[in-house]
Every structure is written in C-alpha cells, then in structure tokens.
4 protein chains.
Amino acid sequence: MDQAAKNQPEASTDNGSKREITKLQNRQAILEAAAEVFAEVGVGAASIREIVRRTDLASGTFYNYFTSKEDVFQALLDESALSMRPELKAERLAATSIESFIEGCFRVFFDYLVSDQAMFAVLRRNSGALRVRMHTPQMLVAFEELEEDIERAIGQGLLPDIDTDFLTSALIGVAFEVGDRLLRRQSPDPREAARFATALTLGGVKALPLKKTSVAKT
Amino acid sequence: MDQAAKNQPEASTDNGSKREITKLQNRQAILEAAAEVFAEVGVGAASIREIVRRTDLASGTFYNYFTSKEDVFQALLDESALSMRPELKAERLAATSIESFIEGCFRVFFDYLVSDQAMFAVLRRNSGALRVRMHTPQMLVAFEELEEDIERAIGQGLLPDIDTDFLTSALIGVAFEVGDRLLRRQSPDPREAARFATALTLGGVKALPLKKTSVAKT
Amino acid sequence: MDQAAKNQPEASTDNGSKREITKLQNRQAILEAAAEVFAEVGVGAASIREIVRRTDLASGTFYNYFTSKEDVFQALLDESALSMRPELKAERLAATSIESFIEGCFRVFFDYLVSDQAMFAVLRRNSGALRVRMHTPQMLVAFEELEEDIERAIGQGLLPDIDTDFLTSALIGVAFEVGDRLLRRQSPDPREAARFATALTLGGVKALPLKKTSVAKT
Amino acid sequence: MDQAAKNQPEASTDNGSKREITKLQNRQAILEAAAEVFAEVGVGAASIREIVRRTDLASGTFYNYFTSKEDVFQALLDESALSMRPELKAERLAATSIESFIEGCFRVFFDYLVSDQAMFAVLRRNSGALRVRMHTPQMLVAFEELEEDIERAIGQGLLPDIDTDFLTSALIGVAFEVGDRLLRRQSPDPREAARFATALTLGGVKALPLKKTSVAKT
DNA sequence: CATGAATGAGGGTTCATTCAT
DNA sequence: CATGAATGAACCCTCATTCAT
C-alpha cells in the first residue's frame, strides 16, 4: 500500500508529522503481532482478536489499517517476499554459466530466509502432527522466471532437453526443504547450503564433494 | 454387563449386524466430509460443524466417532499414509544398488500419491495466495528411515560422505514438489517421475537423459 | 443382559427370580451413583449421563427405573429419611419429661446422621464458596410434629409461653449445624451431641456443664 | 494508548460519561437477573444464557462483565454479605458483656437479612422437595471470629468451658433458621429475633420470657 | 428388559464487526 | 483517528431422550 498516494487536498503534512509516525507504528505493530499469531496457529485458525490482543491497540483500530486477517497476511507477504525479487533478477543477469546461475538463485533464496527468519516462521508451522509449507505467490513467480531461464538454456543447448516442469519443481522442493533445515541449524550458512543444493541438482549425489567440516545439527 | 447372555445363534454383536454396518458407514461419511473440508479451507479453519453439515448426521453424532477435528485429521492420515509404510520397507529390502533403492522409494511414494489423490488433496491446499504443503509424520518417518540407510551406505563407502541432513531434506523436497506436479498432469506416470527424481538426485541435471516423450502439462 | 428371561410372558416369578434380583441391583446401583453425583455437584448441576456413567448400565436403562434425576433424588430421600420417622415417634411417646423428650429427638436425629453419613453427604455439599444444607420434607414433617408437641407442652404449663415458631426453627438449626460438625469428627458421638444440644437449648450456655473430655476436632 | 489525547472538556473517562453509566447499569442488570435465576433454580442449575435472557443485553455482553456464573455469584456475595462485616466488628468492640456481645451479633445478622431480603432469597431456595441454605464464606468467617471471641471469654472465665466447636455451630444454626422464619413474617422484627436467639442460647428454653405480643405467621 | 448410537435442543464461549464517545 | 462495549451469529460440546437391535 502506497501511503504517498493518499495525498489529500489541503497539504496534510504527509511526511514526519507525529500523526503519520503513529500510524506507521500502529500498522507495524499489527503486522508483527499477526506474524506471531500466524506462526503459532496458522492463518486459518488465527483470529483478528488474538492479533489485536498482542497489540496496545483497541479492537476497532484494526479496521483502520486492514479489512481482514487475509489482508494482513497479504501485506506480510508483500512486505517480505517482494524484497527478494530484485536480487534474484540481478543474480540471473550476472550469471556466466549454468552453475553460477543456479547457485546464485539458491544463494539469494537462502540469504533471504536467514535474514528474515521471523517472516519465514509464519510460513513454516509445526502444529501437532503436521509440518506446513507455504509457497507465496512471489516465490512462485520467482521460480517461474527460473523455469523460463532453464528453458532458454535448453534451447541454447546448455542443458539436456529435460522435463523442465519436473526440474523446476525439484529445484523448488530442494530450496524449501534444505532452507528449512538450514534455519534450524545453530549458525546457518546460506553459502554452504547453496553450494550443496547446486552440486546435488547439477552433479548428482555421486559427484557431491566430501564433507570437510562438520556442521552443527539440531 | 452380562457377557454370557450374548450367546445367541449365528455370531453376536461384532461383525455384520445392521448396527455395525451403519457405524462404519457413518465413520466413513465423516472422514470423507472432513477430507473435503480440510482440502478446501485447511485444518485450522475447518469447523466440526461444517464437516457434519456435509453429512446427513446430527451434530452430536460426530462425537460418537471422534473427539475433535484434529482427531479426524489424524484418522485420515493413519488410514491413508500408513498404508505406504510396508511397501517402502519391502522396496528397501529388495534393493540391490543405491540406484534401485532410491528409485524404489520415490516410486512407492508417487504410486501412493496417484492412487490416493483425494487424500493428498487434503495435504495440498491452494487457497488464495498460498500453496500449502503438509508433511505427515508418516512421511517424515519414511524419510528418516531413508536417512539411516543413507548413512549406512556412506559408512560402507557406497556414497560420498555428504551432509545427510541436507540430502534427506532435499530428497523430501524433490519428492513433494515433483509429486505435486505429477498430480496435476492428465495422465500421471509415477514410474517416469521416479526415474526423473532418481536421475536428478543421483546423477545431477547434466546427466539427465533427453526427454523422449512430450508430456501433457497443466 | 438376561436375554433368556424374555420368553415368559405369563407368570413372571416375582420373588427371587434372577430377573428380579438383577432389577433390584440395577436400581440400587443407580441410586448409589446418583448419591455420589448429587454429593459432588449438587442436584441442580447433576446430569443423568453422569449418574449412568458411574454404573455398568447403558444410558437407556436408566429410564426403566426412573424418569428424571429429580425422581432418583426423591427416591433417595424416601429411602433414607423415612426410616427416621418411626423412631422419632417412639421417642416422643416414651418421653417422661421435656428434657428427655427433646434429648430423644436430638439423639434420633444424630444417630440417623451418623449411621447414614453417605446419604447425608448428598444433603451437605461443599462446592467452592458454599456450604449447602437441604431440609428434606421428611425432616420438616418431623420437626413440625415437634412443634405440635411443644405447643402442647406450653398448653400444659410445662414450658413458658414462648414463640414456638422461632423455637422450632432454632431447634432445627441447632440440629443441622451441630449434626454437621458431628459428622466431621473422627469418632462422632451422637449421644454427646444430643446432650450438648439439649443442654444448650433447655438451659442455655451458662448452664452448660464443663467439658470433661477433650474431643477430636477436624 | 495515548492518555494525553483524552483531554477533552468536562472530565474524562472514569466518572459520569454516558459509557460509564451504561456499564454500571449493565453490570447491575446482570447481577439482578442472576439473583433471580439463582433464587429460582439454584446456582448449579442456573445457566448464563438464562441470566442474560432476563436482560436486554446480547449473550456475548455477559462476558464483558463476568467470566462465569460462579463469578457473578461471587460478586453477589461480595456486594451483599461483605457489608455486614464492619458492623459485626463494631458490635463486638462495643459489647460490655457476653449478653450484649452475642445479642449484638444476632442483631446485625438479622438486620442484614431483613434489609437485603432479595439477596437472601438467592441463598434460600425452596425448589420441589428441598429447602436449601448456603453459608457464604463471609458468614463463616464472621462466625469464626465469634468462635475466637467465645474461646477468649472461656479463657477469662466469663463462660463455662464448653465445646466451642458445637457452640459456634449451634449459634450459626439458630441464626440461619430463626432468620429464615423471620423473613417469612409480614413485619419482621430483627430486634425481637435477636432477643429470642440470645435468650435461648444464653439462658435456655426455661429461662425464656413469656410472649407478650402475638406475631403474624405465614 | 438392556444396549448404546442417533438426535437436536441448548448451554458456554469466542468472534468479527459496528459505532457512540 | 482511537477506543472498547455491544451485538448476535456461529462454534464447540454435552445432554436428555428415543428406539432399533
């Protein structure tokens, strides 16, 4: 939501007025509380009341900022996942080989996970018997662009003519699950994870290098 | 309760009496309705009332069979996923090489997905902006056994000394995402998917064979 | 479940047949379970389900014996309190003085309490902040007869012309509360309690004898 | 919550604003409805819904004021019975003899009953076969203090060394039952009742004065 | 008669949402 | 804008009672 767009007639100080600051703080408070609740009970079971309860705000105030919990959730996704897009694109442009290209994608993704663990917790609930993963639209879009790149690489003969559908899915799957494991380590190393994922998918298990360093596991 | 009194002619209370049949039918009706609701709105947002509503039972009847929606959900998992376990074990025992072993695992999993798509729909919700994946405990157990096997293979020098943590995660990720894609195809071929996943993870992208047949995509 | 018994329409053996015995046992089981439940949560909050649950019987069976929880409760009162009536009357007839008469009444009442503590527990609930006392109709009737006797004694000049209304109430109150205390003692002595209550009401505090023996208190 | 922002003209949030008035009225409405229901069916059988139904409030509103029916009940007790405590204490301090002391206690209690009959109705249900009495914690505490005073009097030789346990119980019993009778009279006279109860317990039946006035009875 | 599953009314409680202050 | 009480729908669950077996 572009706050700037709200420019109303008579020059309401839109920049640093105390009012505007409070508004941003309130909005942020709701977003953070919502992230907590979503992470704890899932979006489906979350309630607006519970979100507001973890805030200093009154229940009615919620509706000055959002219209529903889905609305907050979308805002959370937008704020968080969108930030990954430009870097992915940059990585793609900078890549000089298929290896560096794929490894770059993995790395951006893992960096993003590690730097925004709080947000990822929302997408990664362990409730009772279940582990839940959510693919945000942004992620899907990112990986769709990857798919296009792969198809281009195949067209240019850089890659064998494989099932791109399956391949993209497999890459996403590897990214998510390895990313999840990564987050549970005590000192997560996105670079190492990216190297692993790239080596696995490009070279296969048999070509994977020997482990040199022991890694902390949960 | 006088047990002796049950001595009536042809076999007593437990097998084919009308009562017992009705009970099984009711239980099944609840399970099916629950699978529907879970698939539509997720376990978190599902309500017992909604489940019962899709049944011709009275609301209170639900509690003659289950104690909560989580209980139904667990029953769904048990009924469905548990059936995969014996086959996984058989596959493991029959394997003569690391290739056949891993491919066997993938195949059992994909077969299971295809043969029980309804159940998998519960675990695979596309609601609004999200795609949700659930890892059932059974699946985790299955893949944990796989992890042990991998570690044993490493110990015997059959595989390089890689990060088994990451590897297992990656295998699970591939299985899930490729499985998901598989289910969206018009004539899903579990065998082909298993071959793909095995080749990818064992041999890497570069060693993947050329596609021979074009496959219908969604 | 005595299935066999169904076969005999005419000439149901009414005395010692297995059927009749079972019926009595069932009835008794319900009464005892009900006494328990009433004692724990009170008649108002008690539920038939809970009563039946403490029984080996099926829920429907309850209705072969009683029609409601109030019905069971009435049966409990009848069984228990009615037994006190004849003794009270006997005591009254045997009394040769006002002292022996009042003391006799108290003693019958306290004897009854001690010998039937389980029943009295029903009438004496301690739930949360409350101590509840119930006056059964039988008790009221018993004390109303007492009132008549007192009025007669006044008419004959054996007692001063006091407020019989208040006096009867006071006697009932003393009986109930002293009885309650009595029941909480480790070795309750109805005779001592009766002596105390009689001395108090007839002679007043100042005329009460010195305590000779120390009494166990809760 | 910005407290400063509330600085509007005539006094802020806590005293006479329309909101605050309504809140008090609603709370009172619930309390009164609850007293009615409790008096009719008892606390155990009372339902929150029935309480709210006798109010023009919505069902959910109840929970803005209380958390359970027990909570309302406790509020009723607190509002009502606690008010008796200070007067009891005053009476005790002012007493110059054992007679005036005990009579004072009785009088405060009877005054309280008469002046708050509605509240006492809650504690005094006649439903079907039963008459129920409740001893609130406040009353028990009040009488326990009395017990201490009695023990002190015995220590000082002002009273014979009697069973204080029984004596306190007896006093409570007399207070309750005589109080109950008192309330059913058309023009209840707490002073007369207190005199009667004191004379009975201190002097015994035989020492009771002759009745001078006939009293209306129910 | 005993059984125990089915029924649906009803009670407890939470919730999203509104709106006077 | 913020507040937070009121609202009533809807949820969870238990219950009394019936009735086919």
Side-chain angles (χ1 to χ4, degrees), chain A residues 19-20 22-23 26 46-53 55-65 67-69, chain B residues 1-2 5-6 8 12-13 17-23 26-27 46-53 55-65 67-69, chain C residues 1-7 12 19-20 22-23 26 46-53 55-65 67-69, chain D residues 1-3 5-6 8 12-13 17-23 26-27 45-53 55-65 67-69:
Chain A
R19 182 70 159 266
E20 295 303 318
T22 305
K23 275 172 59 179
N26 285 350
S47 76
I48 293 180
R49 266 176 111 85
E50 183 56 34
I51 293 171
V52 175
R53 215 174 276 139
T55 274
D56 278 345
L57 303 172
S59 57
T61 307
F62 178 90
Y63 295 92
N64 292 331
Y65 295 94
T67 65
S68 64
K69 70 178 174 185
Chain B
M1 272 186 258
D2 199 352
K6 277 183 185 166
Q8 275 136 3
S12 55
T13 54
S17 78
K18 200 175 289 178
R19 280 284 271 275
E20 297 303 319
I21 291 176
T22 307
K23 272 173 64 176
N26 286 348
R27 192 189 139 90
S47 79
I48 292 179
R49 285 260 237 274
E50 181 57 32
I51 293 172
V52 178
R53 215 173 278 136
T55 274
D56 48 3
L57 301 173
S59 62
T61 305
F62 176 90
Y63 296 92
N64 289 337
Y65 295 93
T67 64
S68 64
K69 68 180 175 185
Chain C
M1 278 185 268
D2 201 347
Q3 298 309 94
K6 268 185 190 167
N7 302 341
S12 80
R19 181 67 158 266
E20 296 303 318
T22 306
K23 276 171 60 178
N26 286 350
S47 76
I48 292 180
R49 267 177 110 84
E50 183 56 32
I51 293 171
V52 175
R53 213 174 277 139
T55 275
D56 279 344
L57 303 172
S59 57
T61 307
F62 178 90
Y63 296 91
N64 291 330
Y65 295 94
T67 65
S68 65
K69 69 179 175 185
Chain D
M1 270 185 261
D2 199 351
Q3 295 308 100
K6 280 182 185 166
Q8 273 136 3
S12 56
T13 55
S17 78
K18 200 175 288 179
R19 282 284 271 274
E20 297 304 319
I21 291 175
T22 308
K23 273 173 63 177
N26 286 347
R27 192 188 139 91
S47 80
I48 291 180
R49 276 183 122 91
E50 181 57 31
I51 293 172
V52 177
R53 216 172 277 137
T55 274
D56 48 3
L57 301 173
S59 61
T61 305
F62 177 90
Y63 296 92
N64 289 336
Y65 295 93
T67 66
S68 63
K69 68 179 175 186

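Per chain, numbering begins at 1; letters A, B, ... match sequence-line order. Worth knowing before you read on, the calculation uses all heavy atoms, side chains too, and leaves out hydrogens, waters and symmetry mates.
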Just call it for [X]: base, sugar-phosphate, or nothing, with non-hydrogen atoms closer than 4.0 Å on any strand.
{"X": "F62(B)", "value": "nothing"}
{"X": "S47(D)", "value": "sugar-phosphate"}
{"X": "R53(C)", "value": "sugar-phosphate"}

**Prompt:** Pick the nucleotide of DNA chain E nearest each of S59(D) and E50(A); which residue has the one closer to the 5' end?
**Reply:**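 Comparing both residues, the 5'-ward one is S59(D).
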Round to a whole Å and report the spacing from [atom1] of [X] to [atom2] of [N].
{"X": "R49(A)", "N": "dA10(F)", "atom1": "CZ", "atom2": "P", "value": "17 Å"}
{"X": "L57(B)", "N": "dA6(E)", "atom1": "CG", "atom2": "P", "value": "7 Å"}
{"X": "I21(D)", "N": "dA5(F)", "atom1": "CD1", "atom2": "C1'", "value": "15 Å"}
{"X": "K69(C)", "N": "dT17(F)", "atom1": "NZ", "atom2": "C1'", "value": "15 Å"}
{"X": "D56(B)", "N": "dG8(E)", "atom1": "CG", "atom2": "P", "value": "11 Å"}
{"X": "N64(D)", "N": "dT14(E)", "atom1": "CG", "atom2": "P", "value": "11 Å"}

Think [X] has a side-chain N or O under 4.0 angstrom from the OP1 or OP2 of [N]?
{"X": "T61(B)", "N": "dA5(E)", "answer": "no"}
{"X": "N26(C)", "N": "dA2(E)", "answer": "yes"}
{"X": "Y63(B)", "N": "dA6(E)", "answer": "no"}
{"X": "Y65(B)", "N": "dA6(E)", "answer": "yes"}

**Prompt:** What residues, two or more places apart in sequence or in another chain, satisfy side-chain contact (heavy atoms from CB on, under 4.5 Å) together with R27(B)?
**Reply:**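 Applying side-chain contact (heavy atoms from CB on, under 4.5 Å) to R27(B) gives L31(B), Y65(B), F66(B), A75(B), E79(B).
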**Fill in**
For F62(A) and V52(A), the nearest pair of non-hydrogen atoms, with its separation, is CB-CG2, 3.8 Å
**Prompt:** In dot-bracket form, how is DNA chain F paired, counting a Watson-Crick or G-U wobble pair only if both its distances are under 3.5 Å and using | for bases paired to another strand?
**Reply:** .||||||||||||||||||||
**Item:** Check: dA5(F) base within 3.5 Å donor-acceptor of T22(D) side chain
**Value:** no
Rounded at 0.5 Å granularity, tell me how far [atom1] in [X] sits from [atom2] in [Y].
{"X": "Y63(D)", "Y": "I48(D)", "atom1": "OH", "atom2": "CD1", "result": "3.5 Å"}
{"X": "S47(A)", "Y": "R49(A)", "atom1": "OG", "atom2": "CZ", "result": "7.5 Å"}
{"X": "N26(B)", "Y": "L57(B)", "atom1": "CG", "atom2": "CG", "result": "4.5 Å"}

**Of the listed nucleotides dA2(E), dT17(E), dT3(F), the one nearest the side chain of I48(A)** =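 The answer is dT17(E), which lies nearest to the side chain.
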So which protein nitrogen or oxygen atoms get under 3.5 Å of nucleotides 19-21 of chain E's nitrogens or oxygens?
from    : atom 1 : to     : atom 2 : distance (Å)
dT21(E) : OP1    : K18(D) : NZ     : 3.2

